[in-house]
Trainee: 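Quick one: this structure, given as structure tokens, is what I'll be asking you about.
Ligands are counted one by one from 1 in listed order, and the atoms in each one are counted from 1 as well.
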Amino acid sequence: MNFFAKSGSAAKQRTGCAIVGVYAKGNLSEAAAELDKASKGLISNLCKSGDFSGKASETLLVHNLVKMPCTRLLLVGLGPKGKLDRRTLTAALNAGIAAAAKTGATDAISYLTHGTDALIAPLYAGRLTAEAWHKASYRFLAHKTGRKPAAPKTQRLGIGMESRAAANAALRGAEQGLAITQGMALTQDLANTAANVCTPSYLAREAQKLAREHKSLTAEVMGPAEIRKLKMGAFESVARGTEEPARLIVIKHKGAPASEAPVVLVGKGITFDTGGISLKPPPAMDEMKFDMNGAASVIGTMRAVALLNLPINVVAVVPSCENMPSGRATKPGDIVTSMSGKTIEILNTDAEGRLILCDALTYAKRFKPSEIIDVATLTGACVIALGPFLTGLMGNDDQLAEELLAAGKRTGDEAWHLPIGKDYEETLKSNFADFANMGTREGGALIAGSFLSKFTEGQRWAHLDIAGTAWKSGSQKGSTGRPVPLLIDFLLNKAGI
Ligand code: BES
Ligand code: MN
Ligand code: ZN
């Protein structure tokens, strides 16, 4: 997609489709009023006749306009005037861009963020427009045969803003948004790919391919022998039940001198989670192909980091394997020694994410990071706590947590700070090992976070539990690309951009 930005009257800009906001009760936004005047009352008549109510996210496409600068006019409802907030505006933007993508227009201009700087700063108006376009146009067809649905016709998407300065900022935001959505697309493609194709080796090859495509990136892939040599007994124990060899993937982005401490991102890469011997029940088990979404999101983030040429060092560490039951699989009660030297009694083989992450976190320390952020579809309990809306954020550093929360708020890819600590850790008591991999059911997300905290002592660290936010179920089943927008916003900030 080619983005451009404009300031000035909507009545003066030629376009295949003008996308304008209309409030309830016929209250027109500035751009709508300009086009209403140019069309001698077309929009106000549609409101008066009851054909358009201005309800939030309602859309109406008007065709065959004569003597107008736009071939098509797309009205988008903004709800009651004076009640417009960030959330309603973002939803209207998504609805408007999605409706525009269904038209035959080869170019369009969205005026939906015109004069709304108080709700969404122009830079973010640009980013959110780019993200809206991505949501409207992303398709995953890798496993489909036959005629593929036609891609949207729009080639150029403009953002109409109130001032030259706002237009410049929005364009910069859209360009950042383009990199972010390319990162999201990679995340979604990897996560949506079926687990018989997207194996640990496949993920590793994709990481190597990504590194070949970008000069700032290098990828290193380790296999079972190296994982054993590193004494990653916890990671190894999860991979025991499967025929698929485990992979430890390290991707590095060099954007600053080597003397500068990197941000290390760790992503859970379980390419399929059956639960192991603690087998999961059949309903929706297919969705456990998404259990590598943490890995996919850090790989996608590395793509965006490289595209944006961020002047910082970033390292992605991805432990990847399948969690399967078999004659060789780890059994409940088995005790393993993690890379840190701490022993773990595996009471439930379905609590495997923390087992591969704890060794990856120990490994991550060798990069002497400024901070480690792990991303994982870690617990069903997090889905119960926060639903599909918010990512669970835990950690040992309040300032880092605040920065991540703020990045989530700015991008709409939001997280919620949850507690960890001694009370939760104590539920992990084991009679036989240093601790168990499972505590009580109650507070499961926080217990998992507390488990990880034992491997990040003395290190600035945050944990993002994306079990609820990484993918959608039901008819819209698929990866969302979250939390790539949050992570990139955090990293842009870190880079002082
Ligand atoms: N991958 C799952 C977590 C999950 C479950 C994510 C449902 C999204 C939807 C994880 O490996 C898991 O199975 N966790 C267990 C932990 C429990 C055994 C302590 C869980 O949440 O039930
Ligand atoms: Mn599991
Ligand atoms: Zn899992």
Side-chain angles (χ1 to χ4, degrees), residues 191 195 198 200 203 234-235 237-242 246 266-297 318-325 329-334 344-358 360 374-392 394 418 420 424-425 427-430 435-452 463-474 477-480 482-483:
C198 184
L203 266 190
F235 180 13
S237 75
V238 179
R240 276 188 68 84
T242 173
V266 176
K268 172 178 171 181
I270 295 290
T271 58
F272 198 80
D273 182 11
T274 65
I277 296 299
S278 313
L279 195 63
K280 286 183 181 295
M285 206 212 266
D286 68 289
E287 296 190 6
M288 283 301 126
K289 74 172 184 179
F290 294 121
D291 212 17
M292 37 59 76
N293 218 304
S297 69
V318 171
S320 180
C321 66
E322 282 184 340
N323 185 23
M324 298 283 277
T330 293
K331 305 168 289 300
D334 285 2
I344 305 166
E345 184 182 16
I346 300 176
L347 290 180
N348 190 319
T349 64
D350 198 11
E352 85 297 340
R354 63 198 78 182
L355 294 173
I356 70 169
L357 288 173
C358 73
D374 78 72
V375 190
T377 50
L378 202 61
T379 64
C382 192
V383 192
I384 301 299
L386 299 174
F389 312 109
L390 293 159
T391 292
M394 287 149 262
L418 299 170
I420 55 170
Y424 300 106
E425 269 177 51
T427 72
L428 294 165
K429 265 228 268 313
S430 160
F435 40 83
N437 76 329
M438 189 184 74
T440 54
R441 207 165 81 90
E442 296 79 10
L446 324 172
I447 292 166
S450 300
F451 178 96
L452 296 179
H463 158 59
L464 296 172
D465 192 332
I466 57 167
T469 52
W471 77 85
K472 287 191 175 136
S473 305
K477 193 188 287 181
S479 171
T480 60
R482 291 178 70 179

Trainee: Any side-chain donor-acceptor pair under 3.5 Å between T469 and T391?
Mentor: yes
Trainee: Taking all non-hydrogen atoms of both residues, which atom of C321 and which atom of V238 are closest, and how far apart?
Mentor: SG-CG1, 3.7 Å
Trainee: Is there a heavy atom of F272 sitting under 4.0 angstrom from any atom of ligand 1?
Mentor: no
Trainee: Evaluate the side-chain contact (heavy atoms from CB on, under 4.5 Å) criterion for residues F272 and T242: first the C-alpha distance (whole Å), next the side-chain angles of each, then the deciding distance (0.1 Å), finally the verdict.
Mentor: CA-CA 10 Å; F272 198 80; T242 173; over 6 Å; no
Trainee: Can you pull out the closest protein heavy atom to atom 16 (C) of ligand 1? Residue, atom name and distance to 0.1 Å, please.
Mentor: R354 NH2, 3.7 Å
Trainee: Could you tell me the residue and atom name of the protein heavy atom closest to atom 8 (C) of ligand 1, and the distance to it rounded to 0.1 Å?
Mentor: W471 CH2, 3.3 Å
Trainee: Does T274 use its side chain to pair, donor to acceptor, with the backbone of N323 at less than 3.5 Å?
Mentor: yes
Trainee: Roughly how far apart are N437 CG and I346 CD1, rounded to 0.5 Å?
Mentor: 6.0 Å
Trainee: Would you name the heavy atoms of I344 and A436 that are closest together and state the gap between them?
Mentor: CG2-C, 4.1 Å
Trainee: Have a look around the Mn ion (ligand 2) and list protein N/O/S atoms under 2.8 Å, or say none.
Mentor: D273 OD2, D350 O, D350 OD1, E352 OE1
Trainee: Go through D374 and K268 one step at a time and tell me if the salt bridge (charged side-chain N to carboxylate O under 4.0 Å, His left out) criterion holds.
Mentor: CA-CA 8 Å; D374 78 72; K268 172 178 171 181; over 6 Å; no
Trainee: Is any side-chain heavy atom of V375 closer than 4.5 Å to one of P483?
Mentor: yes
Trainee: With the side chain counted from C-beta on, respond yes when L452 and L378 share a heavy-atom pair under 4.5 Å apart, and no when they do not.
Mentor: yes
Trainee: Please identify which atoms of ligand 1 are closer than 4.0 Å to at least one heavy atom of M438.
Mentor: 19 (C)
Trainee: Hey, are N348 and S278 close enough side-chain-wise for a donor-acceptor pair under 3.5 Å?
Mentor: yes
Trainee: Tell me the nearest of M288, K280, E287, R441 to atom 7 (C) of ligand 1, using heavy-atom distances.
Mentor: M288
Trainee: If you look at D291, which of its N/O/S atoms is nearest to the Zn ion (ligand 3)?
Mentor: OD2
Trainee: Which residue and atom name correspond to the protein heavy atom nearest atom 2 (C) of ligand 1, and how close is it?
Mentor: D273 OD2, 3.6 Å
Trainee: Looking only at heavy atoms of M285, does any of them come nearer than 4.0 Å to an atom of ligand 1?
Mentor: no
Trainee: List the closest protein heavy-atom neighbour of atom 3 (C) of ligand 1: residue, atom name, distance to the nearest 0.1 Å.
Mentor: L378 O, 3.5 Å
Trainee: If you check every N/O/S atom of E352, which is the one nearest the Zn ion (ligand 3)?
Mentor: OE2
Trainee: Show the atoms of ligand 1 that are less than 4.0 angstrom away from any heavy atom in K268.
Mentor: 1 (N), 10 (C), 11 (O)
Trainee: Taking the side chain as C-beta and beyond, is there a heavy-atom pair between R482 and I466 under 4.5 Å?
Mentor: no
Trainee: Quick one: look up the protein heavy atom nearest atom 6 (C) of ligand 1 and list residue, atom name and how far away it is.
Mentor: A467 CB, 3.6 Å
Trainee: Suppose we only count N/O/S atoms under 2.8 Å; would K268 qualify as near the Zn ion (ligand 3)?
Mentor: yes
Trainee: Return the residue, atom name and 0.1 Å-rounded distance of the protein heavy atom closest to atom 15 (C) of ligand 1.
Mentor: D350 O, 4.0 Å
Trainee: List every atom of ligand 1 that sits less than 4.0 Å from any heavy atom of T377, numbering the atoms from 1 in the order shown and giving each element.
Mentor: 1 (N), 2 (C), 3 (C), 6 (C)
Trainee: Decide whether an N or O pair under 3.5 Å exists between T379 and ligand 1.
Mentor: no
Trainee: Kindly give the atom name of the N, O or S atom of D273 closest to the Zn ion (ligand 3).
Mentor: OD2
Trainee: Within ligand 1, which atoms have a heavy atom of E352 less than 4.0 Å away?
Mentor: 11 (O)
Trainee: Determine yes or no for a side-chain-to-main-chain donor-acceptor pair under 3.5 angstrom, with S320 supplying the side chain and G269 the backbone.
Mentor: yes
Trainee: Give the atoms of ligand 1, by number and element, whose distance to some non-hydrogen atom of G380 is under 4.0 Å.
Mentor: 3 (C), 4 (C), 5 (C), 20 (C), 21 (O)
Trainee: With a 4.5 Å heavy-atom cut-off, do P388 and V383 have their side chains touching?
Mentor: no
Trainee: Ring-plane angle category for W471 and F290, please: parallel below 30°, perpendicular beyond 60°, tilted otherwise.
Mentor: parallel
Trainee: Whether the side chain of T349 engages the backbone of I277 through a donor-acceptor N/O pair (distance < 3.5 Å, no angle test) should be reported.
Mentor: yes
Trainee: Just by modelled atom types, is the M288 backbone N or O under 3.5 Å from a matching donor or acceptor in the D291 side chain?
Mentor: no
Trainee: Look at atom 22 (O) of ligand 1 and say whether a protein heavy atom is found at less than 4.0 angstrom from it.
Mentor: no
Trainee: Provide, to 0.1 Å, the distance between atom 18 (C) of ligand 1 and the closest protein heavy atom, together with that atom's residue and name.
Mentor: N348 ND2, 3.5 Å
